[in-house]
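Lettering follows sequence order; numbering is per chain, from 1.
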Amino acid sequence: MSAEGTDTSSTDTATVARGTDTGLAETHCEHRAESGAIPRTGDPVTNRWTGVHRALRWWPIALLITLLVAPYSALPVPGLLDGPLGSPGSLQLLALCLLYGGLATGYDLLLGRTGLLSFGHALYFATGLYATDLGMLELRLPFAAAAVFGVSCSVLLALLLGSVSLRVTGIGFSMVTLAFAQAGSILVQRNPGGATGGEEGRSAPADLLPSGLLGIENTANLYWIAVGYLVLTVAAVHWAVKSPIGRVWEGIKENERRVEVLGLRPYGYKLVAFVLAGGLAGLGGVVYLLLTGGATPQAATSDATLALLVMVVLGGSGTRWGPLLGGVLYTWASHRLGDLANSSAVADLPAVLRVPLSQPLFLLGALFVAVVYLLPGGLARLPARIRSARTGRSAPAPAGPGTAHPTGGTPA
Amino acid sequence: MDTVVLLFCTGLGLGALYFLVASGLSLIFGLMDVLNFAHGALLSIGAYATWWAGAEAGLSFWLAVPFGTLVGTAAAVLLELFLIRPLYSRPRDQILATVGVGLAVPALLMGIWGADSRPFPQPELLSGTWHVLGATVPVNRFVLVAAAALLLLALRLFLARTRYGLIVRAGVEDRAMVTALGIDVRKAFTLVFALGGAAAALGGALGGLYFGSVNPGQGTGLLIFAFVVVVMGGMGSVTGAAVASVGVGLVQQFANYYTGAGLGDLSVVVLLAVLLLVRPRGLTGRLA
Amino acid sequence: MPARTTSTPSASSAASAASTSSARSSASSSPVLRLDGLGWAVRGVPIVEDVSFSVGEGEFIAFIGPNGAGKTSLFNLISGIYPATHGSLHLDGADITAETVHARARRGLGRTFQTSSLWPGMTVADHVRLAAQAAAGPGASYRLWRRAERYEQQLADTLERTDLTHRADTLASALSHGEKRKLELAVLLVSEPRLILLDEPMAGVSAEEVPALTELIRSVHRDLGRTVLMVEHHMDVLLGLADRLAVMHHGTLLALDTPEAVMADPIVQQAYLGEAL
Amino acid sequence: MTSSPFSAQRPAPSAHSASSPSSASSPSSAAEPLLSVRDLRVVIDGLHILHGVDFDVAPVGVTALLGRNGAGKTTTVKAVMGLVPRTGSIRLSGSELSSLPTHLVVRHGIGYAPEDRGIFAGLTVAENLRLAERAAGSGSGSGSGGEAGEPNYALVHELFPELKQRAGQLAGTLSGGQQQMVAIGRTLLNRNRLIIADEPTKGLAPKIVAEVAEVLARAAEAVPVLLVEQNLALVRRLAGTCAVLADGRTAHRGDTAELLADEEAARRLLGVGSRHPLAGGPRPAAAPASPAAPVVTAEVKP
Amino acid sequence: GTAGTTAADGGSKGPIKVGLVYSKTGPLAAYGKQYLEGFKAGLSYATKGTGAVDGHKIEFEEQDDAGDPAKAVSAAKDLIGKGYKVLAGSTASGVALQVGPIAAQNKVLFISGPAAADKATGLNKYTFRSGRQSYQDIKTAASFIGDAKGKKVTVLAQDNAFGQANVAAVKALLGAEGATVDQVLAPPSATDLTPFATQAKTAKPDLLFVAWAGDTASALWTALNQQDVFADTKVVTGLDLAASYPLFGPAAEKISFLNHYFDGAAGTPVEKAMTDAVTAAGGKTDIFTPDGFTAAQMIVHAVESNHGSADDTSALVKALEGWSFDGVKGKTTVRAEDHALLQPMFQVRLTGSGAAAKPSVEKTLTADEAAPPVTPMAG
Ligand SMILES: Nc1ncnc2c1ncn2[C@@H]1O[C@H](COP(=O)(O)OP(=O)(O)OP(=O)(O)O)[C@@H](O)[C@H]1O
Ligand SMILES: Nc1ncnc2c1ncn2[C@@H]1O[C@H](COP(=O)(O)OP(=O)(O)OP(=O)(O)O)[C@@H](O)[C@H]1O
Ligand SMILES: [Mg+2]
Ligand SMILES: [Mg+2]
């Protein structure tokens, strides 16, 4: 890709010089439309890895096809799933896994792509969930309209609260988002005007849901919706991240000040990320409503956000597939760890082991600590770490003996 | 009038409870830049240890509280040595690791002692009431206020008078220069964590008095308000945390009572948002 | 060291000289940048004090001064990273004292940082693309979706100019320090700023690479006609480039004059060069 | 170590010895060096700041570390202290320091007065000093001694009576010179084997410069000093040997007096007047032109 | 009665599969444990120790919902997908209200457990309950007041769905009888309840009904005691599981309790059978053991009426609607109209406080006295 550019350099100097006269950067960018010579370099990975890797590049498609046909399969997956792949129970669990994979991917738009540590993402998820449910229950909207209403509510709320909380940065931002989400959670619990049903939640009205989404025999449809949500989220996030805006996000994540010095206002870009992530979470709430048949306040708690955080970190924040992987694994684990916790294998253990092992949340917390500690970068970076360990080049050079430096800082 | 007095006194008590939790949080953040999500867990550990010593092991309340505080301190030291210290160079991972501990510890407590509240030993001396200007105020609120005031005083004395306090104050300003004077800052970190843990555990023990019971989620429940207090007080400032604690406690108590729907929590949230927007560095101006 | 007492006449004479002694560019044009009594204090402690001067179109001013003299702080004030606590700042006649960092950048103020300030996880090409996008304005982020290829030409040219073409797909974190310095310049160039602030562009660059980098900076100044302010400790580099030399000391502008005059100034020698022989 | 109490007062050589600057390999001091630094390299954020610095600190008197602005002097000193990640060898009387964290380096008996003084602005003067106290027991784990006994407040207060008067004042409100006193005072408080002072006269009024010089000279009687300094008059006055850094490398090592006497070498290495002949031509080496001159004449009393 | 004399061929016919979706872990794990113990005892009792009906063995699979409705829904779908026609459990109201509709959509029988939400009554044709509902609690509470006319009743509750429902129910019930009903609502997250205790005291009601759930109960009782609310007001609240008795602190003896059940409350033969079975299994009967027991009774009855088949859910529903039987607490009826479970309730006092607190029945309300009004069946 280097060759094409070479011969045009002299003319370009002139262009640049001409640009100077106009003074403002905006204008001269327009008159360089002439020679769109070099192809967009695209994904850097493709340039580094060729051949086999190019073929392997299609694995997401293969995976998607596998996911799509899963309901037709009676394949037993002992240990992983309680029942054959295509059974309603398995499909329901898989659908939840995929939903959370999508939610985590959306959340990582903030954490891993823009560097925003939000502790209040569950609020937008819960907004989509409750607004859709209430749209049907209270406004008697048909499902599709209620879903649009629900997602719009999340988007608007994200826009409103995002524009406030993004005015502070760092830990302040985390705390404000946490506080807002806490307020939301309290509001839901408080059952204002009987709307949210408080701690009991509200189940979705069966009469307003499409009949194809009701009943156990239609679990596959719900599953496909979850697949659709995941594909949509992943596509939206990947597309956005690859887009020019995504480049700005990456810049903001890595060095916000530097982006500002280029003349871009990070606030707006962060807000876009916040609203997009909020909207995707809201849409996730709609899917969740379908999957669980109702809205319950657990969805709005700060624990729900923490769960997303755990998923993202588990899988690998800022990586392409990590959050998805983390979301799927976490959801699967939190459903199946319960089985482990209740299994007879655990019940027969001495109390020192049995008591902690019978607490799924303990297992999750401990697992999380272990991942943070042992797998910096999450599961998605594991192959790269193994590869670099094998080739002997410990990639992120763990500072040599001379760098022993307890505080990591230098006198300013 | 007596209602206002009552609200004021109990609001102070609530603020004192927040301060007991937030002081350690603030101290740890100030020196180490670690937002300790496991702080609620330390509180719960202190509360359960006190409860265990008092109710199960049959110790008197006056011995149970130091015991609980000691256990909480030990837990904090272990946490610092084994979890935080290896992650010194990875600040965000430190936060995440404490999140994990914050999830695991309450679950463990639940596994051992069940999810239900356990009645907390209440010494006769502290279960009565005092009459203040026509209001009947529970004595333990004053105990909390006194404990918080003592803690504030002790922390200020520690910071002002002791060598380690000196190290902590200097470390907040310039960590590297402290090491350049031949001081092992890591020891100060462990100490600060221990202190924070002790304060949290004491908060847990006295929180048991306040709630009359202990349950696994108690610490985590208080943590969010402690965070709010720390941020409002200006991260790292113990005095700022004290001021913010009192403010939050009073606002919450009055708002809970006087607004029909009980908007106490919401008003605190709004207070935080407004304060951060007006003064992004909190009350005392340290950089958030 | 009587720095403070003597600085006033020295600096003010320099400021008055700015309009006349500005170099090859049209002396008649109004100054690109004008500082009036600019100052910045942290908790009452002055870091930059009462700095006044103006920069003519196409001029090249080099800043020298001991470590901690406030050179970087002055650049931070000019680029808006620090808010001025005193004085005012005009870019092309417009008062920008209260403007944000990005607003100033949109007016054509570009800078590099003393410590390479890049996006370690982004490729070289993406750095340049991002800068091009920024130069095209916020709206370009959206427009670019449709017309991304237009900017590829600009990308190729910039990489060519900074000799980074072969590193286009390398992550910034994997570059050598000299390449990072070049990339900083590339990022700067592609946004085609009107006024360039370079903070120690040679810092950490090995001796072999210094001449090439110097040439690059020279071409930016001479060939592209950019106005440049540069902090540098390498005297040989800046003496070959600068039209005027500014000496910072204790946060004040000790002197601003032709290199020859400045180097001959005993006060400067005293304060900066440690001349005592 | 205190065998040569007046080692700081080497007679300024009057003769122009034609020592070639390239013969930097052998330091002039015959004795075993106290601190010996070899191939010190520092990379910060990918920037190579030191590319291999070699120098020795003589066991007595003052050793100067010279170089133009930005040459890497401060970085070298920070690397010795372990304040920046470093590679290479740093040996203090035979013990290797290059892998030690800062506080252990200090406990080997090094007092450090950083370039920016490293004063804790929010602490009082007394507290700043108190923080620097190293009790005899605190060195446990450092292996070698180098510190014992009570903090020597008497010495500090004798040298800087002002610090006693201003004990309760917040250090941040001190003048630059007073802050410098605190910084140097901190290094004198403990019985150190080496004191590293990074531009201790920077930003000081001439009168104070003279005082600081005197203090350094006195300190050097008891403890060897590694001095980073731009004030060549001061260097000439105090330092027996020196090392000159340029672009993060050692460019010269040798006798200070010889170097400063060699007009051409001094210009080339220290950048003084090399590219721009000074207005009045080269000044006579013996005639100090700076206001810091009183240093030279200040009588240093034992 | 049962027809199953053929214990020998118990395994020869296809088993009846029952899914239990309840809180094995999570905040309500203690209730879940009681429920399960009761269910096992009830199954053994109703099948006369055979564990089979008409030769069809009753097999039950446990699924943990950890109190999370989403998990419960997944578990329910899993079970239904595996062909389960009968579900039971639901320790938490949220779970009952989410699983109920799933059961209806898939036409399986669902017998809700300890979940007290009134909404679960009349939720749909397929949903039943084996425990009491809030309204029955409130009726029991109201029974303390005697003639309500002209009396002043204050409800002290948390401002959440549970509290609001209680306020509404008391208003509907006692308001209609001529009492003036007002409320003191505290935010659910409020930790300092002293001001609300004074508010309740200032209201000077004849009867203070405290509807409280959650971790602040102890703080509330301490506050009420300290503010001396008991001096001139009758205070009524629900008596929860035995572990909670000490939480009332010194106030324990001053409170009038309404109670669903406590160990030894009923004194019926069925209760004895239950207690014996549970004790033999190493458990301890408590407030929600009867809910499990009753659920097992209902399931066995429904299957029995269909000759050992659970395939026709409508027939199961038919069999249960209007069924009256001897339950743990006495005569118990499944009301046909809305599937409310009419059952006796208790007025209880505690003697002693702290760990020594012991409950004793003051008065037993008959099933009819405690019956909730009929709710029209929703769907
Ligand atoms: N944000 C800040 N807060 C407090 N003090 C600051 C801040 N930024 C800079 N300073 C102080 O201001 C002084 C000037 O620093 P500056 O970075 O501008 O110096 P410089 O001339 O660029 O030095 P160098 O050549 O070392 O880069 C220093 O003493 C520094 O410690
Ligand atoms: N943390 C850092 N990051 C990037 N560059 C640095 C850093 N510290 C020092 N430098 C650069 O390394 C070079 C050497 O700096 P150093 O402070 O060691 O010089 P010095 O010889 O002490 O200069 P002076 O005499 O002005 O104090 C300078 O160009 C400086 O800008
Ligand atoms: Mg600088
Ligand atoms: Mg220096």
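Within residues 93-101 of chain A, the residues having any heavy atom closer than 4.5 Å to a heavy atom of chain E are A:L96, listed by residue number. Of all residues spanning residues 296-307 of chain A, those with a heavy atom less than 4.5 Å away from chain E's heavy atoms are A:T296, A:Q298, arranged by number.
With values rounded to the nearest 0.5 angstrom, A:Q92 atom CD is found 10.5 Å from A:S87 atom OG. In this structure, CZ in E:F110 is found 7.0 Å from CG in E:L87, a value given to the nearest 0.5 Å. Here the CZ-CG distance, from E:R129 to E:L123, works out to 9.5 Å after rounding to the nearest 0.5 Å.
For the options A:T196, A:L291, A:T219, heavy-atom pairs under 4.5 Å to chain E are most numerous at A:L291. Ranked by heavy-atom pairs under 4.5 Å with chain A, the list E:A161, E:A92, E:G163, E:G94 is led by E:A161. Counting heavy-atom pairs closer than 4.5 Å to chain A, the top-ranked of the candidates E:Q158, E:Q164, E:K77, E:Q105 is E:K77. Options E:V95, E:V73, E:N106 differ in how many heavy-atom pairs under 4.5 Å they form with chain A, and the most are formed by E:N106.
You'll find the side chain of E:N166 stays beyond 4.5 Å of the side chain of E:Q183, heavy atoms only. E:I287 has its side chain within reach of E:Q34: a pair of non-hydrogen atoms, C-beta onward, lies under 4.5 Å apart. Within the 4.5 Å cutoff, the side chain of E:L36 has heavy atoms near those of the E:E62 side chain. Between E:V155 and E:V184, every side-chain heavy-atom pair lies at or beyond the 4.5 Å cut-off. In this structure, E:F60 and E:K17 have side chains that are not in contact, with every pair of non-hydrogen atoms separated by 4.5 Å or more. In this structure, A:L280 and A:Y124 have side chains that are not in contact, with every pair of non-hydrogen atoms separated by 4.5 Å or more. Looking only at side-chain heavy atoms (C-beta outward), A:T233 and A:Y229 come within less than 4.5 Å of each other.
Under a cut-off of 6.0 angstrom, the local environment of NZ in E:K119 is crowded, with over 12 non-hydrogen atoms contributed by other residues, nucleotides or ligands.
In this model, a donor atom of one side chain and an acceptor atom of the other lie less than 3.5 Å apart for E:D338 and E:T375.
Using a 4.5 Å cut-off between heavy atoms, E:K82 contacts chain A through its side chain alone, with no backbone atom that close. In this structure, the portions of E:P188 lying under 4.5 Å from any heavy atom of chain A include both its backbone and its side chain. At a 4.5 Å heavy-atom cutoff, the contact between E:A117 and chain A is made by backbone and side-chain atoms alike. Neither the backbone nor the side chain of E:K107 comes within contact range of chain A; no heavy atoms are under 4.5 Å apart. Only the side chain of A:L222 comes within contact range of chain E, with at least one heavy atom under 4.5 Å from a heavy atom of that chain. There is no contact between A:L91 and chain E, counting heavy-atom distances below 4.5 Å. Residue A:A204 does not touch chain E at all, counting heavy-atom pairs closer than 4.5 Å.
Partners of A:Y288 by ring-ring contact (aromatic ring centres under 6.0 Å, His included), not counting sequence neighbours, listed by chain and number: A:F125. Not counting sequence neighbours, the partners of A:W224 by the ring-ring contact (aromatic ring centres under 6.0 Å, His included) test are A:Y72.
Looking only at distances, a side-chain donor or acceptor of E:D64 sits under 3.5 Å from a matching main-chain atom of E:K24.
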